[in-house]
2 protein chains.
Amino acid sequence: MAHADRLPTLAVLRCFEASAKQESFTAAAEELGLTQSAVSRQVKELEEQIGTPLFRREGRGVRLTGAGRALADAVCGDLERLRRTIYHAIAAGTGPQVLAIAAPPTFAARWLVPRLPKFRDLHDGLEMVVYSRSEPFDLYKEQIDVAVHFGGWDWPGAQLSPLCPETLVAVAAPDLITRYGVSKPLDVLDMPLLHLSARTHLWEEFAKSLGHNGLALRQGSHFDQFSLVISAALAGMGAAILPTYLIERELNDGDLIRLADVTTDAVKSYFVATPMGKNLPLAASFTAWLRKQVIQPRMD
Amino acid sequence: MAHADRLPTLAVLRCFEASAKQESFTAAAEELGLTQSAVSRQVKELEEQIGTPLFRREGRGVRLTGAGRALADAVCGDLERLRRTIYHAIAAGTGPQVLAIAAPPTFAARWLVPRLPKFRDLHDGLEMVVYSRSEPFDLYKEQIDVAVHFGGWDWPGAQLSPLCPETLVAVAAPDLITRYGVSKPLDVLDMPLLHLSARTHLWEEFAKSLGHNGLALRQGSHFDQFSLVISAALAGMGAAILPTYLIERELNDGDLIRLADVTTDAVKSYFVATPMGKNLPLAASFTAWLRKQVIQPRMD
DNA sequence: ACTAATCCATTCATTTTATGAATGAATAAA
DNA sequence: TTTATTCATTCATAAAATGAATGGATTAGT
């Protein structure tokens, strides 16, 4: 394949990418900090190189053609890849090694990242790039070497190895507990309850497991991330059900008090996911190391 | 992720790509049809953007640093991807659909391609890009939608579905047969034998299955592709063991005469491979269609 | 040790390419 | 209509990439 290599310029591709996303040259121009004129001409150039109209000009406004949409999808992916490649190279600095890691936001912030320096110290010249991402995405496309996954064995294209089960506990700030005079687990339900939007059933399940009817337990404040629930709990806003892994420090320091263990029948737990087929030794070593970090399931 | 998007120019990346491949700016310049000067400066620019030396200047000559090699690998892949994307878009023309197909060279030329028009006619606006490739490569990386694979269930990252077993026959050109007066299968071994380099054991296995000692049967002419073996057989150069799928026409027209069936204990056969995880309906439909094409195992 | 050849770095003048500003044409909304 | 919006085009300008020439450093050959 002698590269007669008629690749369109990056300028061209970026203009097309933005235009396709927005289906508007003016908007794309704004996004790119260019004028509409520039974008218009760049897109036209791409159309000439490809030999096919990519947008249908409809009076004012443009719409992607079929060919345009197909190309846009591909090009967006390719550019994103290229950006990541460059980004990783910058992060790697002088060393040849970067490990690209993804994990759910709160898990990353509270459990994973604090432990990373130890791993980094074991490997000379290693740098890391951490992405917070919740759940199944394409490891290959996004160029992630290792991802922490919470859920089941349900990640196609990923090599999963179990990390640890989730251990849930009901907690609250000490002064809140004093105020409500909690003595037995069921008392917890009298306090204001804090919820994670994605898992609103937790309190109900907990209540049921204690013999409570479990009705109307979804009221209370809702948050879309564990970190927010944690902040709220620390602020004494209510009781929360949280994974122990995310509040190790708070439990140790007594900023949050464990009120009851929560058992859930959902068979979800933490996994380490690596891209299938790809065989990066560093990723394997990181996986092994991660699993070792979790041997001491509780430290309180 | 607000794209502060400091992507190096494509010119820069291509210069780096070529330089990395050759570990020489002058050679890279030649490959790209540029001057050494241009390449030198482009590479330098990339090094400045990344913030790390990518080549070690060693007197005359340059050598990739660790970081350089890592980046080169990634960038080569990314550019190749981009090229394919553009290439496929050009091939697709006005229609939104391209199917990228890979198959072993001779199989593609003799069996697959002749049948493709029929499939294409079933799908409006469909175009195809065909690559001849022998054996396990990364479907995702190379952006192949469907690949024909000969071998076993041994393609990681690919969804395999069986197409058909390989049916081998010993054949020769009619005049050669006359000349050697072949009457029973064992007589075949008296003729000059033609071999496929990758499978030199075929004649020996054949001979053993007939009770012959099977020694010294690897001599004769060797070729690295089935198509060459076929040409040689047609030219009366000797007898060959060939898959029926590759010589359907010749058997029908009597240009090659079937001398004996060959049974092999190797459990290899043809498969259709599609990238795991990706779920392209067109690829599925092509797979199904392919398997239907093979229902009539023999047409003679 | 000298010479010739090879290769990379740098500079400067030049060409090529991308861009902005201005303007026109088409369309949709008021 | 009138007005506002949006894309297309043109032209002058700014920015970027390039080639030619040159210098320095290194290796190979004698």
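Here is how names work: the chains are called A, B, and so on, in the same order as the sequence lines, proteins then strands, and each is numbered from 1. The model shown is predicted, which means the values in this text are computed figures rather than measured ones.
B:Arg56 places its CZ atom 18 Å from the C1' atom of D:dA25, with the value rounded to the nearest Å. Atom CD in A:Gln36 sits about 18 Å away from atom P in D:dA4, given to the nearest Å. Rounded to an integer number of Å, the gap from CG of B:Leu32 to C1' of D:dA17 is 13 Å. Nucleotide D:dT18 holds its P atom 15 Å from the CZ atom of B:Phe25, rounded to whole Å.
Looking at which nucleotide of DNA chain C each of A:Cys15 and B:Val62 is closest to, the 5′-most match is held by B:Val62. Nearer to the 5' terminus of DNA chain D, by closest-nucleotide assignment, is the contact made by A:Arg60 (compared with the other of A:Arg57 and A:Arg60).
Residue B:Gln42 places its side chain closer to D:dT18 than to any other of D:dT9, D:dA8, D:dT18.
Fit an axis to the five pairs at each end of the helix from C:dA1-D:dT30 to C:dA30-D:dT1 and the two axes sit 30° apart, to the nearest 10 degrees.
Under the 3.5 Å distance criterion, with hydrogens and angles disregarded, a donor-acceptor pair is assigned to the side chains of B:Asp78 and A:Thr85.
Within the nucleic acid shown, B:Glu23 has no heavy atom closer than 4.0 Å to any nucleic acid atom. Note on B:Glu58: nothing from the nucleic acid sits closer than 4.0 angstrom, heavy atoms only. In this structure, B:Val39 reaches neither bases nor backbone, as no heavy-atom distance under 4.0 Å exists between it and the strands shown.
The pair A:Glu127-A:Arg120 meets the salt-bridge criterion, with a side-chain N (NZ, NE, NH1 or NH2) lying under 4.0 Å from an Asp/Glu carboxylate O. A salt bridge links B:Glu17 with B:Lys21: the distance from a Lys NZ or Arg NE/NH1/NH2 to an Asp or Glu carboxylate oxygen falls below 4.0 Å.
Side chain B:Arg41 to base D:dT18: a donor-acceptor pair is found below 3.5 Å.
Counting all heavy atoms, side chain and backbone alike, A:Pro275 lies closest to A:Asp145 at CD-O, 3.2 Å. Of all heavy-atom pairs spanning B:Ala92 and B:Gln97, the tightest one is CB-O, 4.1 Å. Closest non-hydrogen pair, B:Ala147 versus B:Trp155, comes out as CB-CH2, 3.8 Å.
More than 12 heavy atoms of other residues, nucleotides or ligands sit less than 6.0 Å from atom CZ of B:Arg56.
Taking the six-membered ring for Trp and thresholds of 30 and 60 degrees, A:Phe55 and A:Phe25 have ring planes more than 60 degrees apart, a perpendicular arrangement.
Bounding nucleotides for the chain B contact on DNA chain C, 5' to 3', at a heavy-atom distance below 4.0 Å, are C:dT6 to C:dC12.
The aromatic ring centroids of B:Phe286 and B:Phe119 lie less than 6.0 Å from each other.
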